[in-house]
*Asks:* 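One structure is given below, represented as structure tokens, and several questions about it will come after.
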Amino acid sequence: MSTIPGQAIRDVITEALTSAVRALGVDGELPDLELGRAKGPDRGDYASPAGLKLAKVLKQAPPAIAARLAETISIPQGAATVQAVGGYVNFRLTPEWLQRLVGAVSTKGPGYGASSIGGGERLQVEFASINPTGPLHIGHGRGTILGDSICRLLEFTGHNVHREYYVNSDNTQTKRFGASVYARLHGLEPPEGGYIGEYVTEIAEAARRDLPGIQNLPEEQAEPKLRVYAIQRVIEMISATVARLNIHYDEWFWESKVWEDGLAPAAIERLRESGYLKERDGATWFGPALEEEDGLGEQVLSEDEDRVVIRSNGQPTYFASDLGYLLSRFEVRKFNRVIEVWGADHHGYVPRMKSAVAALGYAPEKLVVILHQMVNLKEGAAGSAGKMSKRAGRFVTLDELIDRVGSDAVRYFYLLRSPDTTIEFDLELAVTQGNENPVYYAQYAHARLVNVEATATERHPQLPEKADLSLLVQPWELEVARQLAFWPEIAQDAAKLLEPHRVPYYVQDLATAVHRFYHAGNESSEHRVVVEDVNLTRARLELCRAARHTLKTALDLMGVSAPERM
RNA sequence: GCCCCGCUAGCUCAGUGGAUAGAGCAUCUGCCUUCUAAGCAGAGGGUCAAAGGUUCGAAUCCUUUGCGGGGCACCA
């Protein structure tokens, strides 16, 4: 078929509809024709309220317009039939086209739905850059999995993605962490506000071994060394934990680097020259000083309060590091855009960062911030309800969750929810629901297909080379093909909107179609994949392959495995 | 006080301004001698938090209110 498997059929139909509208004599800008999936089976597969949309322009009744469009339109390759109903134009994918699609998808193999719409754009995605002061807990799992899945979607749609973890190493929290390790090294309790977990003591003991003489140094000299050492240990832990979830960073970028390389001072200097910095109360502040004159006022003004860059004691704030980090990303490494995944508790920081990007001379849209809501521990879980706290030792670790329910179920669990919803987490419930996690439904569909394909080639060692796909006529067979048709647009929408949760919902639909298709063979043996007729078997085998590849592709985008047997 | 997110079936949640609002789980009823029953078929279940507004058309956009969560540092 000449339709490229990567191109969404929705886009093909939209183009045809647009041409038809032009043919009716509408010039100038068109209203959005809102072609989308039709709701009921009676309405076909896609529908557009084009008649309603054009009523004003054409000064005709919507049904009349829809009828003329249906008559005029020409769908490439007979992919769909067209019907006007009221002011709507409905489209139904034809069996012939669906049959050809099955062949194309099967031939293409894994990767059906991939596209190059990203044009190779160089992107950095920074996610889950948690203070490296302890193990990841279940709250961190959300941003981690969300960030990685966004990366997978972006890669699938033709972007050049760099996964990065920003390692805080010079801020207040990590200094407290260093001081806590120092205290443990000397058999003392951590200072007020320090870290009390057992891992702190273990790290201190390891440091005694790996850093000879460290215990003889005064705290001012020992703490920075211990801090770097401890952060490295924690990063090893974090790296191992996320690896269990199939997540691998390209780079662990240390905050200290922006000072070693002079990027933070350079950024501060640039802001000072442009007049965005001012001195007050002995500190240096970032603020919208020149908003009237430089045209960036709108962006810079988006933050209406001044923020401290250098404290009155001469110590820079984390914001100073972030300024240098922005230079590293946009100027030194020249990423075209940077996507950040943050918990909603940082949402107030967004305007400040956008302002900083603008003040440094870059378009604020280059910085995209994805916020996700919190994960709260449910009452009674882990001893106490509410927000988790590393310092207070009140949390369930991500490792424990993975131990209890497995990586696939964890990823699926988080990915099912839109980032906008708060998760009330109940570990016991998560464990008991582990077995009924919808991920197994999808994986089972995949395993079944693998199994039946093996059976087919076993029973019929000499199947025809080529499949006669016109034999795929049963409604449950065509329904699988129909679901396959939707995949490219699902993947593209999820990538464009940076919304991975669209993928598991699609997977659910595809798996349902697969199970029904399979089950038809249980109802009546003539509907099995493996039948006496080798040509029929061959055609159904082709459908199995197409569905299996697509299931695997979609599961891959979620970082979930596609087992061959269950 | 200001800012952000949420409120949709018993529960957990989907739902780019379009037609009759969906899924999973739970409940109830059926279906395994056969390619995997971690499956399939069917049933019940709704004031889309509330009130106004915009629109030919609103769960969706705007305003107000209520409830829940998260922010508003010389913490990150």
Side-chain angles (χ1 to χ4, degrees), chain A residues 32 34-40 42-43 47-49 52-53 55-56 62 85-88 90 129-131 168 171-174 176 193 280-285 305 307-313 315-319 321-322 342-351 371-374 376 386-387 413 416-424 429 433 435-445 447-456 458-459 476 493 496-497 499 501-502 504-505 508-509 511-512 514-516 518-525 527-531 537 540 544 565-566:
Chain A
D32 185 355
E34 291 182 25
L35 182 86
R37 291 271 290 280
K39 271 186 182 155
D42 304 342
R43 298 169 188 160
S48 162
L52 295 159
K53 292 287 179 190
K56 260 185 199 148
V85 179
Y88 296 86
N90 294 344
S129 299
I130 296 107
N131 269 326
N168 285 300
N171 61 26
T172 309
Q173 294 304 323
T174 51
R176 277 182 189 160
R280 190 171 70 230
D281 305 329
T284 302
W285 303 71
E305 276 182 80
R307 301 294 174 176
V308 171
V309 180
I310 299 174
R311 302 182 179 95
S312 50
N313 65 5
Q315 291 296 309
T317 63
Y318 61 89
F319 185 48
S321 297
D322 278 341
W342 293 349
D345 51 340
H346 289 75
H347 95 267
Y349 196 46
V350 175
L371 294 170
H372 61 81
Q373 294 300 312
M374 306 280 86
N376 293 323
K387 204 179 171 186
F413 173 82
L416 266 174
R417 283 159 178 79
S418 131
D420 288 336
T421 63
T422 305
I423 296 178
E424 292 293 330
L429 199 63
Q433 288 188 346
N435 290 332
E436 47 208 40
N437 189 303
V439 72
Y440 300 116
Y441 183 82
Q443 291 182 320
Y444 186 52
R448 270 184 149 179
L449 290 170
V450 170
N451 185 67
V452 76
E453 287 173 51
T455 306
E458 202 175 290
R459 301 257 179 95
W476 48 86
D493 288 351
K496 270 185 212 156
L497 299 168
E499 291 181 352
H501 71 273
R502 290 164 182 268
Y505 282 96
Q508 173 72 31
D509 289 342
T512 297
V514 167
H515 282 305
R516 281 181 185 155
Y518 184 92
H519 193 264
N522 289 354
E523 295 284 322
S524 169
S525 56
H527 295 138
R528 298 183 167 216
V529 173
V530 185
V531 288
T537 301
R540 288 174 179 164
C544 288
R565 64 183 62 228
M566 288 175 74

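Residue numbers start from 1 in every chain, and the chains themselves are labelled A, B, ... in the order their sequence lines are given, proteins ahead of strands. As the structure is a computational prediction, the values presented were derived from the model and not from experiment.
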*Asks:* Which nucleotide sits closest to the side chain of A:L52: B:A37, B:C56, B:G69?
*Replies:* B:C56
*Asks:* Classify the nucleic acid contact of A:R565 as base, sugar-phosphate or nothing, counting any heavy atom under 4.0 Å across all strands shown.
*Replies:* base
*Asks:* Examine A:R280 relative to A:W285 and say whether NZ or CZ is less than 6.0 Å from the centre of the six-membered ring and inside a 45° cone about the ring axis.
*Replies:* yes
*Asks:* Base, sugar-phosphate or nothing for A:Q508? Non-hydrogen atoms, less than 4.0 Å.
*Replies:* sugar-phosphate
*Asks:* Is the shortest heavy-atom distance from the side chain of A:T317 to the side chain of A:R311 under 4.5 Å?
*Replies:* yes
*Asks:* Please give the nucleotide sitting opposite B:C56 as a Watson-Crick or G-U wobble pair, both distances under 3.5 Å, or none.
*Replies:* B:G18
*Asks:* Classify the nucleic acid contact of A:D281 as base, sugar-phosphate or nothing, counting any heavy atom under 4.0 Å across all strands shown.
*Replies:* base
*Asks:* Does A:R448 make a side-chain N or O approach to OP1 or OP2 of B:A37 shorter than 4.0 Å?
*Replies:* yes
*Asks:* Can you find a side chain N or O atom of A:S418 that sits less than 4.0 Å from OP1 or OP2 on B:A14?
*Replies:* yes
*Asks:* Under a 3.5 Å threshold, yes or no: a donor from one side chain and an acceptor from the other, between A:R448 and A:H515?
*Replies:* yes
*Asks:* Give me the distance, rounded to whole Å, that separates B:G68 from B:G42 when you measure between the P atoms they each carry.
*Replies:* 42 Å
*Asks:* With nearest nucleotide decided by heavy atoms, which residue, A:F413 or A:A38, maps closer to the 5′ end of RNA chain B?
*Replies:* A:F413
*Asks:* With a 4.0 Å cutoff (strictly under), does any side-chain N or O of A:N522 reach OP1 or OP2 of B:A37?
*Replies:* yes
*Asks:* When only distance counts, do a donor and an acceptor, one from the side chain of A:H519 and one from the base of B:G39, lie under 3.5 Å apart?
*Replies:* yes
*Asks:* When we call it a touch if two heavy atoms are under 4.0 Å apart, what does A:H501 touch: a base, just sugar-phosphate, or nothing?
*Replies:* sugar-phosphate
*Asks:* Using the P atom in both, what is the distance from B:A9 to B:G57, to the nearest Å?
*Replies:* 27 Å
*Asks:* Is a side-chain N or O of A:T537 found less than 3.5 angstrom from the main chain of A:V531, in a donor-acceptor match?
*Replies:* yes
*Asks:* Could you give the distance separating B:C5 and B:G17 at their P atoms, to the nearest angstrom?
*Replies:* 15 Å
*Asks:* Both A:L497 and A:S48 contact RNA chain B. Taking the nearest nucleotide for each, which residue is further toward the 5' end?
*Replies:* A:L497
*Asks:* Tell me if the side-chain of A:S312 makes a donor-acceptor pair with the base of B:C74, cut-off 3.5 Å, by modelled atom types.
*Replies:* yes
*Asks:* So A:Y518, base contact, sugar-phosphate only, or nothing? Heavy-atom distance under 4.0 Å.
*Replies:* base
*Asks:* Between B:A49 and B:C56, how many Å separate the two C1' atoms, rounded to a whole number?
*Replies:* 28 Å
*Asks:* Taking syn as a glycosidic torsion within 90° of 0 and anything else as anti, which one is B:C32?
*Replies:* syn
*Asks:* Considering every strand and a 4.0 Å limit on heavy-atom distances, what is the contact class for A:H347: base, sugar-phosphate, or nothing?
*Replies:* base
*Asks:* Any base atoms under 4.0 Å from A:L449, or only sugar-phosphate, or nothing? Heavy atoms, all strands.
*Replies:* nothing
*Asks:* With rounding to the closest Å, how many angstrom separate the P atoms on B:C7 and B:U16?
*Replies:* 12 Å
*Asks:* Looking just at side-chain N and O atoms, do A:T512 and A:D509 make a donor-acceptor pair shorter than 3.5 Å?
*Replies:* no
*Asks:* Whom does B:A26 pair with, Watson-Crick or G-U wobble, provided both distances fall under 3.5 Å?
*Replies:* none
*Asks:* According to a strict under-4.0 Å criterion, is A:Y444 in side-chain N/O contact with OP1 or OP2 of B:A38?
*Replies:* yes
*Asks:* Ignoring backbone atoms, establish whether A:Y441 has a side-chain N or O less than 4.0 Å from OP1 or OP2 of B:C40.
*Replies:* yes
